[in-house]
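These values consider heavy atoms only, across backbone and side chains, with no hydrogens, waters or symmetry-generated copies.
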Amino acid sequence: MSHRPFPGRRSVLRGSLAASAALTLPVGPGAAPAFARSGRPGAGWGVQTGDVSADSGLVWVRADRPARMIVETSATESFRNPRRWHGPLLGAGTDFTGTTRLHGLPSGEQIHYRVLLADPDDPRRTGEPVTGTFRTVSRRRRDGVRFLWSGDLAGQGWGINPDLGGYRIYDAMAGLDPDFFLCSGDSIYADGPISATQALPDGGTWRNVTTEEKAKVAETLAEYRGNFRYNLLDANLRRFNAQVPSVVQWDDHEVRNNWYPGEVIATTDARYTEKSVDVLAARARRAFSEYFPVPTLRPGARDGRVYRVLRRGPLLDLFVLDMRTYRNANSPDDQTTDPEGILGREQLEWLKRELARSRAVWKVIAADMPIGLVVPDATEGRPNFEAVAQGDPGAPLGRELQIAELLRFVKHRRITGTVWLTADVHHTSAQHYQPSRAAFTDFEPFWEFVSGPLNAGAFPASPLDGTFGPERVFVKAPTASNVSPAGGYQFFGEVDIDGDSGELTVRLREQDGGVLFSRTLQPGRVGQ
């Protein structure tokens, strides 16, 4: 494997670890990080980087009071002759969060950075710097690419458990030294309150860190913001964020379970006083854009959208989809025409154009929902479906029509190296789609890999829909529903592209990093 090691990467985190030492896991309701109130701004929520390219990246921070964001970068940990970047003024309008875009960086290099927060009235008064590191995208094929993916964090009431050391899966992921981490949605559970304790099947008790904002479903902007802050109480996640850039997409739980545009919450659902899901989604989207460094959601961004493509050098283009914002209403999904589908027409046409123009060896499609796994929507007892498949193994119906159009396009344009990644269903599996097994046959074979959750309830394997001929080659899932993280079944996936051969290897891993399944795919093929 030609992926380059960077032995200095761990030691640069000493500053970040020291800065986060004050953020010990609180145990009382409403507890928050113990910021050092020295009269200087503090950055106790850590730092993040996002959507790093060959010459740029976004750095994120949250202050504990109004502050001017300053970022310094260096080629070494010593920060001799640093380059300084003046960022935005952080205030209540963005919940004291902000991002600074770094540009003109050298490609394929380790970048060391530190964030300082300055008093707006006296720029000489700055708080303790918080440090991090990331690698810019290499333009050299021989350097290879390695990244991880998963989703579903703090779901089903299983939050930060101090007895288990919090979100330990992030330490296992950091140990693999990935170029970036793809969060495939459900980065929070805004609809999932977290109580101080939950009963375990063996008679034990699960303990949670709790906060005021997690005591009920999120409705207000402040409550959505509090959901994103909750996860940053975990020291494992903050360490990971300081070491590994993120690529984040969203799904339903950032707003509400199984939501779709135009939905009106039933009057019988007493948890919500705000019944318009469009209103909730707008608040959630604002909080999402404040707490993650996503360039297309920054103030002034032209499109203000989640879907985007990241060019990761000659080996990889990553297509980040949004299967939530533009979908039609959840339904029995058996209509014979469906122009809107799960992506919306504009996003589908964008995806086709970008796939056709891609010259990367591999085109990885990051979908926040699976293609051939049946995901029902049992909200209010309606026989509706939440993802693409509806269980009818015959010709494409409903949202399957849009996916069929896309798969046909990939085949006829002879687009090579497409691989699908997703999370959502709270187990891990590998599906191979083959026309010879399918009702719809006008496509080339492809793989879909599923991983997750990061820290949420685990569920049995979803049934398959035969329309596109999936075969489940591997699966690990519990037989019971909502198995706690203490019971295992927490997963993440790894994609490793070799710079010499161009081979792409997918490994499905358990919480401690152990490999459950591995598959190596060959480059330059329309179908695998």
Checking side-chain polar atoms at under 3.5 Å, does [X] have a donor or acceptor matched by the opposite partner on [Y]?
X: Thr133; Y: Gln243; result: no
X: Trp149; Y: Thr422; result: no
X: Glu254; Y: Ser187; result: yes
X: His103; Y: Asp55; result: no
X: Trp259; Y: Asn257; result: no
X: Asp317; Y: Ser358; result: yes

Can you name the closest pair of heavy atoms from [X] and [Y] and give their distance?
X: Thr136; Y: Pro106; value: OG1-O, 2.6 Å
X: Ala486; Y: Trp206; value: N-CZ3, 3.6 Å
X: Glu72; Y: Phe79; value: O-CE2, 3.6 Å

*Tyr170 ring centre to Arg239 NZ or CZ under 6.0 Å, with the angle to the axis within 45°?*
no
_Ring of Phe491, cation from Arg509 - is the NZ or CZ under 6.0 Å from the centre and inside 45° of the axis?_
no
_Just checking Asn81: does its CG atom have more than 12 heavy atoms from other residues, nucleotides or ligands closer to it than 6.0 angstrom?_
no
*Should the heavy atoms of other residues, nucleotides or ligands under 6.0 Å from CD of Glu346 be counted, would the total exceed 12?*
no
*Check each of Thr100, Val47, Thr99 against Val71 using the side chain to side chain contact (heavy atoms under 4.5 Å, CB included) test, and report the only one that passes.*
Thr100
*Among Asn161, Asn236, Asn231, which one satisfies side chain to side chain donor-acceptor pair (under 3.5 Å) with Tyr167?*
Asn231
*Arg256 and its salt bridge (charged side-chain N to carboxylate O under 4.0 Å, His left out) partner, picked from Asp269, Asp191, Asp186*: Asp269
*For the ring pair Tyr326 and Tyr307, is the centre-to-centre distance below 6.0 Å?*
yes
*asked:* Are Phe181 and Phe147, when compared by the centres of their aromatic rings, separated by less than 6.0 Å?
replied: no
Indicate yes or no: at least one non-hydrogen side-chain atom of [X] is less than 4.5 angstrom from one of [Y].
X: Leu504; Y: Asp496; value: no
X: Leu355; Y: Phe319; value: yes
X: Arg308; Y: Val247; value: yes

_Less than 4.0 angstrom from a charged side-chain N to a carboxylate O is my criterion; do Asp95 and Arg62 meet it?_
yes
